[in-house]
Amino acid sequence: MSSERERRRILRDAYKAERKRDEWNLLGIDREQLDDLLDHVEERLAETGCDHTLRHSRSWADSSSVAWSELEAGLLADGGGCDCEVLANVDPDERV
């Protein structure tokens, strides 16, 4: 019985790892870039608040030479419809 439980745990962990890889691929940026993006957005939101757009995320992408169309699609797919939602929802490593 425990071998069946172990098999299910291994399958579940593999599934979660695959989903996380897919989410990272969707964003098109690495961990360091995501940290920079989140820091940038957080700092700008503290100054100006959220206007329900991705303007701060886009300004980061432009200044970081990151393709905006790919990043925007990844952010939107990951629940980041505006800058405050990027902070709240976009971090594949924080998901269970």
Side-chain angles (χ1 to χ4, degrees):
M1 184 142 121
S2 65
S3 64
E4 179 63 22
R5 184 177 294 164
E6 179 67 14
R7 186 185 72 75
R8 285 194 311 260
R9 184 191 63 74
I10 290 169
L11 289 172
R12 183 190 69 235
D13 290 349
Y15 172 77
K16 287 180 181 181
E18 184 177 336
R19 294 262 331 245
K20 189 178 284 190
R21 275 190 308 277
D22 290 347
E23 289 174 15
W24 274 109
N25 289 338
L26 188 63
L27 288 174
I29 57 176
D30 63 28
R31 174 82 244 181
E32 186 176 334
Q33 289 173 307
L34 178 60
D35 289 341
D36 288 345
L37 168 63
L38 296 176
D39 288 345
H40 175 84
V41 169
E42 185 173 27
E43 289 170 8
R44 297 308 176 276
L45 288 176
E47 296 169 1
T48 63
C50 187
D51 66 356
H52 309 292
T53 69
L54 290 167
R55 72 182 170 130
H56 300 309
S57 297
R58 182 173 189 148
S59 72
W60 175 86
D62 291 344
S63 69
S64 301
S65 300
V66 170
W68 173 242
S69 60
E70 182 180 354
L71 179 60
E72 179 185 31
L75 294 174
L76 292 171
D78 216 13
C82 65
D83 287 318
C84 66
E85 289 178 350
V86 167
L87 286 183
N89 300 329
V90 179
D91 190 345
D93 288 339
E94 295 297 320
R95 292 200 182 80
V96 178

Spatial distance of atom CD (Glu42) from atom SG (Cys84) [nearest 0.5 Å] = 12.5 Å
So CD of Glu6 and CZ of Arg9: to nearest 0.5 Å the spacing works out to 4.0 Å
Ignoring hydrogens and angles, tell me if any N or O in the side chain of Ser64 forms a donor-acceptor pair with the backbone of Val66 under 3.5 Å.
-> no
Between OG of Ser57 and CD of Glu72, what distance do you get to the nearest 0.5 Å?
-> 9.5 Å
Under the side-chain contact (heavy atoms from CB on, under 4.5 Å) criterion, do Leu38 and Leu34 qualify, and how do the steps go?
-> CA-CA 6 Å; Leu38 296 176; Leu34 178 60; 4.0 Å; yes
Stepwise, does the side-chain contact (heavy atoms from CB on, under 4.5 Å) test hold for Arg55 with Thr48?
-> CA-CA 11 Å; Arg55 72 182 170 130; Thr48 63; 3.2 Å; yes
Nearest heavy-atom pair of Gly81 and Glu85: which atoms, and what distance?
-> N-OE1, 2.8 Å
Give a yes or no on whether the backbone of Gly80 and the side-chain of Asp78 come within a donor-acceptor separation of less than 3.5 Å.
-> no
When rounded to the nearest 0.5 angstrom, what distance separates CG in Asp51 from NE2 in His56?
-> 6.0 Å
Return the set of residues passing salt bridge (charged side-chain N to carboxylate O under 4.0 Å, His left out) with Asp36 (not counting sequence neighbours), or none when no residue passes.
-> none
Below 4.5 Å, heavy atoms only, C-beta onward: do His40 and Ser59 meet side chain to side chain?
-> yes
Pairwise side-chain contact, Gln33 with Leu71, heavy-atom cut-off 4.5 Å (strictly under) = no
Mind checking whether Leu75 and Trp68 have side chains closer than 4.5 Å, heavy atoms only?
-> yes
Please examine the side chains of Asp83 and Arg44, heavy atoms only from C-beta on, and report whether any two atoms are closer than 4.5 Å.
-> no
